[in-house]
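Just so you know, these numbers use all the heavy atoms, side chains as well, and skip hydrogens, waters and symmetry mates.
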Amino acid sequence: MSYDLLVKGGFVIDPAQGIEEEMDVAISNGRIAEVAKSISNAKKVIDTSEKVVVPGLIDLHTHLYKYVTLWGVDADADCLGKGVTTAVDAGSSGCLNYEGFRKLIVDQVQTRVLTFLHISSVGLTPPFHVGELQDFRNLDFEKALETVKENRGNILG
């Protein structure tokens, strides 16, 4: 069998499989097809000797609403480039701007993005000198609940 990609000779760490040793990882159709001591027959080979090979990492606290919140970073550049395949946005957006966050960031990037909805309706987007919860009029429980219900696949809480 010929694989699409072979990650060859790296030190593989996969706690779920109990693996911590030098191995090869074969990939076909975007999925891991085989992990073994020695694999050949691949269209493309990446030499990972002297490197560590791990499953995609998860960053549990990010802010990814780039250009909208002061702390927003580029999901793909700052996550995928560092081995993070899933990132959890820790409330960059609130119920009033979540739809924009979903359409412009979550739905557009290659990184898998899960989110927490900020308790403030405006999220982390007010002027820097004004905290998002300094004005309790920014709390809209009903709209927040509606936003969560409409986005159950992405909003964790």
Side-chain angles (χ1 to χ4, degrees), residues 1-120 122-125 128 132 144-157:
M1 173 176 197
S2 179
Y3 298 108
D4 299 328
L5 176 65
L6 179 60
V7 179
K8 185 121 182 103
F11 188 80
V12 176
I13 300 175
D14 184 353
Q17 303 299 317
I19 298 172
E20 274 191 51
E21 61 184 297
E22 192 173 294
M23 298 191 86
D24 297 343
V25 179
I27 300 170
S28 285
N29 299 317
R31 298 219 176 257
I32 295 175
E34 183 180 3
V35 179
K37 281 283 195 188
S38 181
I39 302 173
S40 56
N41 299 327
K43 296 172 187 167
K44 181 177 180 182
V45 177
I46 299 174
D47 179 12
T48 56
S49 52
E50 299 187 30
K51 299 205 177 357
V52 177
V53 178
V54 297
L57 302 173
I58 301 170
D59 188 331
L60 295 174
H61 187 130
T62 61
H63 291 289
L64 303 172
Y65 210 171
K66 189 175 179 185
Y67 305 119
V68 176
T69 176
L70 181 65
W71 299 276
V73 298
D74 184 299
D76 289 341
D78 291 310
C79 294
L80 291 180
K82 296 172 178 69
V84 173
T85 57
T86 300
V88 180
D89 184 274
S92 296
S93 62
C95 60
L96 294 179
N97 57 12
Y98 182 79
E99 185 176 359
F101 176 65
R102 191 192 77 241
K103 288 181 177 181
L104 297 172
I105 306 297
V106 176
D107 294 347
Q108 299 298 319
V109 298
Q110 291 181 331
T111 305
R112 178 177 180 227
V113 177
L114 301 174
T115 62
F116 284 105
L117 187 69
H118 200 294
I119 191 170
S120 167
V122 296
L124 296 176
T125 60
F128 186 65
E132 66 272 15
L145 190 57
E146 179 184 320
T147 302
V148 170
K149 286 179 181 177
E150 291 172 354
N151 296 278
R152 284 199 192 274
N154 280 87
I155 297 178
L156 301 175

Open item on the list: As an exercise, state the distance from CD1 of Ile32 to CD of Gln17, rounded to the nearest 0.5 Å.
Closed with: 9.0 Å
TODO: Under the side-chain contact (heavy atoms from CB on, under 4.5 Å) rule, what do Phe101 and Asp89 come out as? Steps first, then yes or no, please.
DONE: CA-CA 10 Å; Phe101 176 65; Asp89 184 274; 3.7 Å; yes
TODO: Answer yes if the side chains of Asp76 and Thr111 hold a donor-acceptor pair under 3.5 Å, and no otherwise.
DONE: yes
Task: Where Lys37 and Met23 come nearest, the two heavy atoms and their spacing - done: N-CE, 3.8 Å
Open item on the list: Quick check: do Tyr98 and Thr115 have side-chain heavy atoms less than 4.5 Å from each other?
Closed with: yes
Task: Nearest atoms (heavy-atom pairs only) where Tyr65 meets Ile105 - done: CD2-CG1, 4.1 Å
Task: Side-chain touch Val148/Leu117, heavy atoms, less than 4.5 angstrom - done: yes
TODO: For Ser92 and Thr125, work out which heavy atoms get closest and say how close.
DONE: O-CG2, 4.3 Å
Open item on the list: Within the structure provided, determine whether Val35 and Ile19 are in side-chain contact (heavy-atom separation under 4.5 Å).
Closed with: yes
Open item on the list: Working to the nearest 0.5 angstrom, can you tell me the gap between Ser93 OG and Ile155 CD1?
Closed with: 7.0 Å
Open item on the list: How close do Cys95 and Thr147 get, counting heavy atoms only, and between which atoms?
Closed with: CB-OG1, 3.3 Å
TODO: Count the heavy atoms of every other residue, nucleotide or ligand shown that sit under 6.0 Å from CD of Gln110, and state whether that count exceeds 12.
DONE: no
TODO: For Ile13 and Val52, work out which heavy atoms get closest and say how close.
DONE: CD1-CG1, 3.8 Å
Task: Pairwise distance CG(Leu64) to CG(Leu104) - rounded to 0.5 angstrom - done: 13.0 Å
TODO: Write down the atom of Glu22, the atom of Gly9, and the distance for their closest heavy-atom approach.
DONE: CG-O, 3.4 Å
Task: Side chain to side chain, Ile58 and Leu60, heavy atoms closer than 4.5 Å - done: yes
Task: CA sep, side-chain torsions, deciding dist, call: Thr62, Val73, side-chain contact (heavy atoms from CB on, under 4.5 Å) - done: CA-CA 8 Å; Thr62 61; Val73 298; 5.6 Å; no
- [ ] For residues 23-35, pull every pair meeting side-chain hydrogen bond (donor to acceptor under 3.5 Å, both in side chains), keeping only residues two or more places apart or in separate chains.
- [x] Tyr3-Glu34, Lys8-Asp24
Task: Over 12 non-hydrogen atoms of neighbours within 6.0 angstrom of CD1 in Ile46 - done: yes
Task: Interatomic distance, Lys43 atom NZ to Leu6 atom CG [nearest 0.5 angstrom] - done: 13.0 Å
Task: Test item: side-chain donor near acceptor, Arg102 and Asn154, under 3.5 Å - done: no
